[in-house]
Amino acid sequence: MNASLQDIVFAFLQTYYQRMSKDPSKVSALYSLTAELTHINYQVEFDLGGETLPTIKLTGKENISKFFTRNNKKVSDLKVLIESCDFQTTGANHSSVLILTTGEMFWTGTPTYKFVQSIILTPNPSKNDSFDITNDVVRFIADNLSPYALETIET
Amino acid sequence: MNASLQDIVFAFLQTYYQRMSKDPSKVSALYSLTAELTHINYQVEFDLGGETLPTIKLTGKENISKFFTRNNKKVSDLKVLIESCDFQTTGANHSSVLILTTGEMFWTGTPTYKFVQSIILTPNPSKNDSFDITNDVVRFIADNLSPYALETIET
Amino acid sequence: KTGPSEISMQLPLFFNTKEEDYSKARSKRHALRLRILQNSSEKEE
Amino acid sequence: KTGPSEISMQLPLFFNTKEEDYSKARSKRHALRLRILQNSSEKEE
């Protein structure tokens, strides 16, 4: 990989979030044919008082395309702060990239929601020097601020 | 994969943490020859008042083996609560597994530390039905409880 | 819940610890959090 | 810092938002947190 790994990761994040904001229907073009996506379940009403949001699991570029197109209003309104970004090479002869980001997400009028995301980029066989997303997993993280009540385990 | 994916993931987590607790010097046997590991930097004094812990990046089974052996006291004292566990298939013909866990870690006498971890399990070419860890990334997550002060950007 | 079959993996999962140890460590974190929030609200007054 | 070369990726990174919008959303989260902590300390009294 000529460009440094970090440049590849940074360029990917810019493309990924710009496309969500500018043209959600083009986001699925970033994914491989059999990609797996675990993303925000936009079909469920947001609980603005809660600390986390539900997620939904999709497999395959077609389902992913329907998902982003159907929810394009919320997708284009997504705002993100990335606080940390770790990455490692992976896959056959280390040509793929594992990315782990943490940060906060929000939309117009909502509080921030803490999330972690793991993405795998795999070289696109037909277009060299370009990658497909084969895996994309979002998980929200609760604050869990209230003190831990020891469940009295009924024996 | 005959055993369900969840069973594979659950069995892996049990092996991974049991070995850390019982025999840290055997943990590196779980990793592939060229595995990449980002783990707790045990060489740095823990900041018990802080919200996160520093991490260190290692490449290759040998370095990983030295790391777990050198820090075996702290490694065997590691205690973990896993709050969420997402997983997807990945890699060549979907035979590898991407795991994303979130939870809290602590040691004797320390507070809990919130963490997220991404692990990739890849089939071991020489032992069928068994996997190697090719990627293992830990990242600690700050609470960020104090209100966000808009940095006055000096122009 | 994440996986299809619920039998094996019941979250949350404790590894190498008992609930009492976790609860002790968690109350240490809780005390630190309260201090941070009190400091930040004093600054605002 | 995570990567070797620092030039491109300066964390934290904002995407599709300005700092003011983030700060507004963050203060909403802060208010929710204060309420949770006050409730839990009332319960303890």
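The sequence lines fix the lettering, A, B, ..., with proteins before strands; numbering per chain opens at 1. All values derive from a computational prediction rather than experimental measurement.
The shortest side-chain heavy-atom distance between F87(B) and M9(C) falls under the 4.5 Å cut-off. Here the side chains of R29(C) and Y113(B) are in contact, with some heavy-atom distance below 4.5 Å. In this structure, the side chains of I82(B) and P12(C) stay at 4.5 Å or more apart for every pair of heavy atoms. Residues T17(C) and F106(B) have side chains in contact (heavy-atom distance under 4.5 Å, counting atoms from C-beta outward). When side chains are defined from C-beta on, F15(C) does not count as touching L81(B), because their heavy atoms never get closer than 4.5 Å.
For K57(B), the NZ atom is densely surrounded, since the number of other residues' heavy atoms within 6.0 Å is greater than 12.
Between L32(C) and P111(B) the shortest heavy-atom distance is CD1-CG, 4.0 Å. Between L145(B) and I36(C), the shortest heavy-atom contact is CB-CG2, 4.1 Å.
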Passes side chain to side chain contact (heavy atoms under 4.5 Å, CB included), K28(C) versus T110(B)? Steps please. CA-CA 8 Å; K28(C) 281 193 168 80; T110(B) 76; over 6 Å; no
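To the nearest 0.5 Å, atoms CD (E104(B)) and CZ (F14(C)) are separated by 9.0 Å. Distance CG/N39(C) to OG/S146(B): 9.0 Å, rounded to 0.5 Å. Note that NE2 of H30(C) is 11.0 Å distant from OG1 of T112(B), once rounded to the nearest 0.5 Å. Taking CG from L11(C) and CD from E83(B), the interatomic distance works out to 9.0 Å, rounded to the nearest 0.5 Å.
For Q14(B), the parts lying near chain C are the backbone and the side chain together; criterion is any non-hydrogen pair under 4.5 Å. Using a 4.5 Å cut-off between heavy atoms, L13(B) touches chain C through backbone and side chain atoms alike.
Taking chain C as the reference chain and counting heavy-atom pairs below 4.5 Å, the highest number among E51(B), Q18(B), K22(B) is found for E51(B). Ranked by heavy-atom pairs under 4.5 Å with chain C, the list A11(B), G103(B), S21(B), G49(B) is led by S21(B).
Judged by distance alone, with hydrogens and angles left aside, the side-chain atoms of N16(C) form a donor-acceptor pair with the main-chain N or O of Y17(B) at under 3.5 Å.
Taking 4.0 Å as the cut-off between side-chain N and carboxylate O, R33(C) and D143(B) count as a salt-bridged pair.
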